[in-house]
Amino acid sequence: MKKFLQKFMFTFVFMSTAVCLLCTGCSRQPEEYRSTGTAMGTIISQTVYVSAGEEAARKITEEVTSCIDGLEQDCLSWRLEDSEIYRINLSAGSGQQEALSGFLEEVLEQCKKVYAASDGAFDFTIGNVARLWNIDSWAGMQFSGSAVTGGQQSAAAEKSGLEFTLPTQEQLAAVLSCVGADKCSIEAGFISLPEGMQLDLGAVGKGIALDEIRKLLAQHSEVTGAVISVGGSILTYGSKPDGSMWKVGIVDPFDTAQSLGTLSLPGGFCVSTSGDYERYVEVDGVRYHHILDPHTGMPADSDVKSVTIVCREDSQTAAGGLFSDALSTACFVLGMERGMELAEAFGAEVLFVDKEGVISMTEGMEQYFSASRQ
Ligand code: AMP
Ligand code: MG
């Protein structure tokens, strides 16, 4: 009898402890966890609120990073031989139809919408023009010394060992004849690129990553909120434990160490910015930046210094990130007036900083934005 009682007591104490532990787990307050890393050749900053402890939070941030890496390696990269874009680019001019994954077909369909609505200001077939400018090798490089005209290399560049050659008008004309998303056929899971055409999803890659991250976070009920930056493109997700809005800073394009202002957003939004300060080369005091006008092949010369787009993560298309990223590039090329119309056509909010530093925005943006200086 004594033995039975001992056994009963032990089982009772064990079970109560287990139930208590479980309950504590259920009612655990979400805790903040931060991480910074790199993926897709850019910096990934994450702040996540997770109700299952630090170890679970760490695992989630790792999953986010490998999701971005996977996206780049398997699909979006034009450099990596195992990616879908690389394989498709290789087939250009072969006359063959290349198989498209359902994922990439969907992405290209959304991109075509922005291409059409922007009259080609956003064009994902711009690959060979971007290669000619060698954009991916720039990181705010400055060249000075001898005047550099098309086809020549600056003395400073030669001295420093860095190679940069401005494309000639002839070279640009040759590659431009192969640009135009309407010239590539996408149909029933297949794509065919004409000779000389190369796809480049650089203008939407970070936004697509935000859309994938949102899907991933939605699979983790223990994540109650997050704000995640993929190289400056930002996703807000869920809510903060204190119920306050997510704060997203906008860089001052005239002084990138400073903030122009802050957006206060609920969860479920994507923010993308395109600016001439992000990537450029300077040759003899002239700045050549990375946002190209697909009609001229030259860096876009609009009235815009930087443009920020805010898109709601639409659960139907699940492409708020793709749209915010594509639209920021398109609006930079189109300039303020036409850009404003384009953004509104997609139900997006937009904030422009022009070359004089004047800020203009849609009415909807006014409710989110507060300037650092009045
Ligand atoms: P973003 O910084 O999002 O505006 O994207 C710029 C990147 O997209 C560049 O580095 C190019 O690879 C590519 N790109 C440049 N101009 C365009 C354009 N007009 N349409 C589509 N992609 C572009
Ligand atoms: Mg973009």
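Residue numbers count from 1 along this sequence. Note that ligands are numbered from 1 as they come in the structure, with each ligand's atoms numbered from 1 the same way.
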How far is atom 14 (N) of ligand 1 from the closest protein heavy atom, and which atom is that? I126 CG2, 4.1 Å
Measuring centre to centre across the rings, with the benzene-like ring taken for any Trp, is F332 within less than 6.0 Å of H289? yes
For atom 21 (C) of ligand 1, the protein heavy atom that lies nearest, with its residue and separation: D123 O, 3.2 Å
Among all the protein's non-hydrogen atoms, which is closest to atom 15 (C) of ligand 1, and how far away is it? H290 O, 3.3 Å
Answer yes or no for A203: is there an N/O/S atom below the 2.8 Å cut-off from the Mg ion (ligand 2)? yes
Could you tell me, atom by atom, which parts of ligand 1 come under 4.0 Å of a heavy atom of D325? 3 (O)
Tell me yes or no: between the side chains of S229 and S45, is some donor less than 3.5 Å from an acceptor? no
Quick one: which of A181, A203, A121 has a heavy atom closest to atom 22 (N) of ligand 1? A203
What atoms in ligand 1 come closer than 4.0 Å to a heavy atom of E278? 2 (O)
Got a salt bridge between E212 and K215, using NZ or NE/NH1/NH2 to carboxylate O under 4.0 Å? yes
Taking only heavy atoms of T329 into account, list the atoms of ligand 1 that are under 4.0 Å away from them. 1 (P), 3 (O), 4 (O), 5 (O), 17 (C), 18 (C)
Are R58 and E55 within salt-bridge range, i.e. N to O under 4.0 Å? yes
Candidate with minimal heavy-atom separation from atom 18 (C) of ligand 1, of D200, L292, V129: L292
Numbering as shown, the atoms of ligand 1 that approach G202 to under 4.0 Å (heavy-atom distance): 5 (O), 7 (C), 8 (O)
Polar contact flag, side-chain donor to acceptor under 3.5 angstrom, E84-S101: yes
Is the shortest heavy-atom distance from the side chain of H290 to the side chain of W133 under 4.5 Å? no
Taking the Mg ion (ligand 2) as the vertex, measure the angle between atom OG1 in T329 and atom O in D325; round to 10°. 90°
The test is side chain to side chain contact (heavy atoms under 4.5 Å, CB included); show your working for M197 and N128 and say whether it passes. CA-CA 7 Å; M197 180 179 279; N128 268 341; over 6 Å; no
Give the atoms of ligand 1, by number and element, whose distance to some non-hydrogen atom of P294 is under 4.0 Å. 19 (N)
Would you mind running through ligand 1 and noting each atom that sits below 4.0 Å from a heavy atom of I135? 10 (O)
Given side chains that start at C-beta, do those of V230 and I68 come closer than 4.5 Å, heavy atoms only? yes
Polar-atom distance check: D293 versus ligand 1, any N or O pair below 3.5 Å? no
So, K355 and D301, do they make that salt bridge, N to O below 4.0 Å? yes
Look at D136 together with R131 and state whether they make a salt bridge at an N to O cut-off of under 4.0 Å. yes
Under 4.0 Å to a heavy atom of F122 - the qualifying atoms of ligand 1, by number: 20 (N), 21 (C)
What do you reckon, does R131 have a nitrogen or oxygen under 3.5 Å from a nitrogen or oxygen of ligand 1? no
Below a 4.0 angstrom heavy-atom separation, can you tell me which part of K206, side chain or backbone, both or neither, approaches ligand 1? neither
Does a side-chain heavy-atom distance below 4.5 Å link S192 with Q96? no
Ligand-residue contact atoms, ligand 1 with S274, heavy atoms, under 4.0 Å: 1 (P), 3 (O), 4 (O)
